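See structure below.
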Number of protein chains: 2
Amino acid sequence: MTPVPAYHHGNLRSTLLAAAERSLRQHGAGQLSLRELARDAGVSHAAPRRHFADRQALLDALAEAGFARLHAELRAALAAAGADFAPRLHAMAAAYLRFATEDAALLELMFTGKHREGAEHLVAAAAGPFGLMHDLIAQGQAQGVLEPGPPDRAGIVLFATLQGIATLVNGNLVAPDLLDGITRTAVDQFIRGSRRP
Amino acid sequence: MTPVPAYHHGNLRSTLLAAAERSLRQHGAGQLSLRELARDAGVSHAAPRRHFADRQALLDALAEAGFARLHAELRAALAAAGADFAPRLHAMAAAYLRFATEDAALLELMFTGKHREGAEHLVAAAAGPFGLMHDLIAQGQAQGVLEPGPPDRAGIVLFATLQGIATLVNGNLVAPDLLDGITRTAVDQFIRGSRRP
DNA sequence: CGTGAATGTTGTCATGGGAAACAATGTATA
DNA sequence: TATACATTGTTTCCCATGACAACATTCACG
């Protein structure tokens with residue numbers, strides 16, 4: 001018996017999100033079409049509207065999921081690293097840049113101010129990865145490697161540097177094979193620039 | 001006599017680019033519509049095609065013009081600064097971030113890998129600002145403030161940091177009133193991180 | 001002049017987002 | 001269980017846009 005296609009798809013929302021993530025990786029956010037996603041899911045072109053009020057809502061959901069995944073990957077990288085500050089920082093930076101360069105379009109969605117007015121979701125979702133960075137800096141200070149002070153400012157600068165490296169590489173302004181070296185340089189410079197005198 | 005509208009607009013290309021830059025600033029690249037630009041210019045909806053093969057060509061032209069303007073503004077900032085390295089670096093960073101936060105959408109167009117396959121134009125245009133950064137680093141080394149070495153790597157890290165700060169601010173992940181302080185912190189940390197031992 | 005290259009215009013098509021009205025299905029509850 | 005309501009998906013329609021082709025006007029230059 002070919003199973004009669006159920007009227008209710010069952011998990012359209014997650015199916016759409018998964019397909020969207022694929023399309024995003026392959027063709028970028030600009031090319032992402034709700035109708036095409038609907039076709040792929042074998043569903044009418046208006047069905048997605050039950051789950052995403054409009055195109056932007058879908059993109060916002062993608063960005064939010066992206067932050068969650070980024071958070072998880074950073075946590076995993078930290079867990080795999082040892083207890084010392086410097087290796088942990090290097091591990092985190094490498095993990096961040098792997099994510100950022102493998103999912104360039106997603107990263108762009110997550111960061112470039114494409115969000116809606118009420119983008120508290122996104123800001124809240126971003127707080128996860130930001131928090132990891134913050135905690136790591138605090139650990140560096142506790143271990144006496146970094147100079148004391150509010151970890152926020154230094155953390156933002158570090159985060160910005162990693163984010164910027166990703167942008168330059170993703171924009172083809174820096175050759176991808178330089179990525180690892182530059183990342184290491186950036187982290188080392190960061191440590192040197194804010195280490196305890 | 002109401003002047004009969006001339007059949008030939010005369011300078012449609014620059015008119016379109018100017019209008020596009022305005023629209024970009026107000027509504028972002030996604031909302032930019034060739035037909036709307038044509039309407040604004042008082043010209044038929046197909047006229048822009050004579051000057052830009054397609055939408056992407058218009059966006060590429062905008063990005064290229066953006067690099068030229070960025071280059072000019074950085075040069076102006078450097079010219080206004082003194083001869084000492086640190087103030088020059090601070091001036092350049094401030095100028096970069098002013099440009100980057102006032103024209104967020106343009107910056108995104110310039111950097112995020114939205115270019116065509118053959119994007120040599122863009123890479124070449126980007127070389128201008130990159131070169132300034134490079135020269136500035138070299139000057140810092142010559143003045144004995146920075147440790148010697150190939151200026152490229154350090155320059156890329158610095159550029160990335162500024163670019164990343166802009167992304168975070170433009171994405172509302174960092175409050176705009178923190179911008180100046182963070183920029184200063186970033187530059188100071190950079191100098192401390194790569195100064196002569 | 002007059003001819004060809006630039007530059008604009010009108011008309012058309014396919015694609016896509018969005019909205020409304022309707023249909024099928026699931027669920028709670030009297 | 002039967003009926004009311006909520007969820008989810010379908011159909012049908014409208015409109016904006018990008019892209020393209022065929023045609024018109026103007027300009028520059030011999």
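Atom set for the values below is all heavy atoms of this structure, side chains included, hydrogens, waters and symmetry mates excluded. Being a predicted model, the structure only gives us computed values, none of them experimental. The chains referred to below are lettered A, B, ... by the order of the sequence lines, with proteins before strands, and numbering in each begins at 1.
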Notebook entry, point to check: Can you check whether G149(A)'s main-chain N or O pairs, donor with acceptor, with Q141(A)'s side chain at less than 3.5 Å?
Noted result: yes
Note to self: Closest approach to the side chain of R49(B), judged atom by atom: which nucleotide of dA19(D), dT9(C), dT7(C) is it?
What the structure shows: dA19(D)
Note to self: Is a donor from one side chain sitting under 3.5 angstrom from an acceptor on the other, for D152(A) and H134(A)?
What the structure shows: yes
Note to self: Counting primed atoms plus P, OP1 and OP2 as sugar-phosphate and everything else as base, spell out the protein contacts along nucleotides 12-17 of chain D at 4.0 Å heavy-atom distance: B, S or - for each nucleotide, 5' to 3'.
What the structure shows: BB---S
Rounded distance (Å) that lies between atom [atom2] of [N] and atom [atom1] of [X]:
X      : N       : atom1 : atom2 : value
L58(B) : dG18(D) : CG    : P     : 10 Å
D54(B) : dC20(D) : CG    : P     : 8 Å
L16(B) : dG18(D) : CG    : P     : 12 Å
R50(B) : dC27(D) : CZ    : C1'   : 15 Å
L37(B) : dG8(C)  : CG    : C1'   : 16 Å

Margin query: Students often mix this up, so state it plainly: with edges at 30° and 60°, are the rings of Y96(A) and F159(A) parallel, tilted or perpendicular?
Written below: perpendicular
Item checked: Distance (rounded to the nearest 0.5 Å) between S194(A) OG and D188(B) CG -> 11.5 Å
Margin query: Under 4.0 Å from OP1 or OP2 of dT7(D): is there any side-chain N or O of H51(A) that close?
Written below: no
Notebook entry, point to check: Counting heavy atoms not belonging to R75(A), are there more than 12 under 6.0 Å from its CZ?
Noted result: no
Check: Taking 4.0 angstrom as the limit, do R69(A) and D103(A) come out as a salt bridge?
Finding: yes
Next item on the list: Starting from the 5' end of DNA chain D, give me the residue, A53(B) or G42(A), whose nearest nucleotide shows up first.
Entry: G42(A)
